[in-house]
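First the structure, in the form of structure tokens, and then the observations on it.
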Amino acid sequence: MSTSIDFVQSPVVVARALIGWTLLVNGVGGVIAETEAYDMDDEASHSFRGMTARNAAMFGEPGTAYVYRSYGLHWCLNLVCGPAGHGAAVLVRALEPTEGIDTMRQRRGMQPLRLLTTGPGRVAQALGVDRSFDGLPLDRPPFALRPPRAVCPVSVGARVGITKAAERPWRFALIGSAHLSRRL
DNA sequence: CTTTCGATGATCT
DNA sequence: GATCATCGAAAGG
């Protein structure tokens, strides 16, 4: 098992590989339980029509963050991957909370554990991620990534909440996790 | 349990 | 002017 993620790979490979890793922001976070891949030749991806002010970070260095606002209300955190300039990223859709649970509860309005980091908008809110984290490298503070302790069983399925290219099996989830945004 | 719908604003056509 | 990589509350079985 490797000790770091190679972000210079396709978003599908990275999305699969990330399941089971622990993602922390300023020491707060948990085990990645659900991810989705987005690529340049993918109609559902923000990068599909080329670089814009919003998605510029998607075309930056692999191993950095891409943060965007969703539905005018929520933030969503992506991990940029593929060769630099490729416009690929992995959306972090759910975590199993492990570190800084009290902090996450306060940020989320004292929600039950189950709803702290289940869904991309909730993950960003619980970890305190907003646009100011856009473009930041993932291998040093405020971010931290720690490898899984054991091999993780992973399922593959269709992505969530999109209308275009919805059939691509680009959603990955930790089998048996109680913190998935949708059932397998 | 499931489905529906409003909130809310940046982004792109 | 339309479209959203969502969430939470409310309504219906």
Side-chain angles (χ1 to χ4, degrees), chain A residues 7 10-19 21 23 25 29-30 32-60 62 64-82 86-97 104-136 138 154-174 177-184:
Chain A
F7 283 99
S10 77
V12 172
V13 169
V14 173
R16 163 69 182 77
L18 277 167
I19 300 297
W21 284 67
L23 171 66
V25 178
I32 298 175
E34 186 180 344
T35 59
E36 281 179 359
Y38 288 89
D39 209 346
M40 198 166 41
D41 63 355
D42 165 17
E43 277 189 292
S45 174
H46 292 167
S47 58
F48 182 65
R49 290 177 175 80
M51 188 164 64
T52 66
R54 172 178 65 163
N55 67 16
M58 261 188 110
F59 293 87
T64 60
Y66 164 49
V67 180
Y68 70 94
R69 208 203 270 278
S70 174
Y71 290 89
L73 294 166
H74 318 285
W75 298 103
C76 291
L77 171 65
N78 294 257
L79 313 185
V80 176
C81 57
H86 190 78
V90 173
L91 173 66
V92 179
R93 289 194 56 87
L95 304 178
E96 300 194 339
M104 292 192 278
R105 262 198 225 282
Q106 288 179 8
R107 289 172 175 159
R108 293 270 313 131
M110 303 306 284
Q111 294 277 351
L113 194 62
R114 180 70 224 300
L115 297 176
L116 275 189
T117 53
T118 300
R122 293 166 177 158
V123 168
Q125 187 182 18
L127 302 205
V129 168
D130 61 24
R131 193 86 221 258
S132 70
F133 290 73
D134 192 51
L136 296 186
L138 302 168
V154 178
S155 79
V156 189
R159 293 179 289 185
V160 173
I162 58 173
T163 55
K164 291 166 279 191
E167 75 292 345
R168 297 193 189 196
W170 283 8
R171 169 179 179 244
F172 300 87
L174 181 58
S177 174
H179 297 266
L180 303 182
S181 69
R182 255 170 79 164
R183 306 206 70 171
L184 305 175

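Being a predicted model, the structure only gives us computed values, none of them experimental. Quick note on labels: first sequence line is chain A, next is B, and so on, each numbered from 1. Only heavy atoms go into these numbers, but all of them, side chains included; no hydrogens, no water, no symmetry mates.
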Determine whether the side chains of A:Gln125 and A:Arg107 contain a donor N or O and an acceptor N or O closer than 3.5 Å. no
Nearest-angstrom distance from the residue atom [atom1] of [X] to [atom2] of [N]:
X	N	atom1	atom2	value
A:Glu43	B:dC12	CD	C1'	15 Å
A:Asp130	B:dA10	CG	C1'	15 Å
A:Arg108	C:dG8	CZ	P	4 Å

Quick one: OG on A:Ser70 to CG on A:Leu91, what's the gap to the nearest 0.5 Å? 9.0 Å
Any non-hydrogen side-chain atom of [X] less than 4.5 Å from a side-chain atom of [Y]?
X	Y	result
A:Val80	A:Phe7	no
A:Phe172	A:Val90	no
A:Val92	A:Leu127	no
A:Ser45	A:Met58	yes
A:Leu95	A:His179	no

Table of protein N/O atoms under 3.5 Å from nucleotides 3-5 of chain B N/O atoms:
none

Hey, could you give me each pair passing salt bridge (charged side-chain N to carboxylate O under 4.0 Å, His left out) that has a residue in residues 110-132 of chain A? Not counting sequence neighbours. A:Arg131-A:Asp134
side-chain hydrogen bond (donor to acceptor under 3.5 Å, both in side chains) involving A:His86 - partner list, sequence neighbours excluded: A:Asp39
Non-neighbouring partners of A:Tyr68 that pass ring-ring contact (aromatic ring centres under 6.0 Å, His included), sequence neighbours left out: A:His46, A:Tyr66
Treat primed atoms plus P, OP1 and OP2 as sugar-phosphate and everything else as base, then score nucleotides 1-6 of chain C 5' to 3': B for base contact with protein heavy atoms under 4.0 Å, S for sugar-phosphate contact only, - for none. ---BBB
Note every stem involving DNA chain C: at least three consecutive Watson-Crick or G-U wobble pairs, i with j then i+1 with j-1, with both distances under 3.5 Å. B:1-7 with C:6-12, B:9-12 with C:1-4
With a 4.0 Å cut-off on heavy atoms, is A:Arg159 in touch with a base, just the backbone sugar-phosphate, or nothing at all? nothing
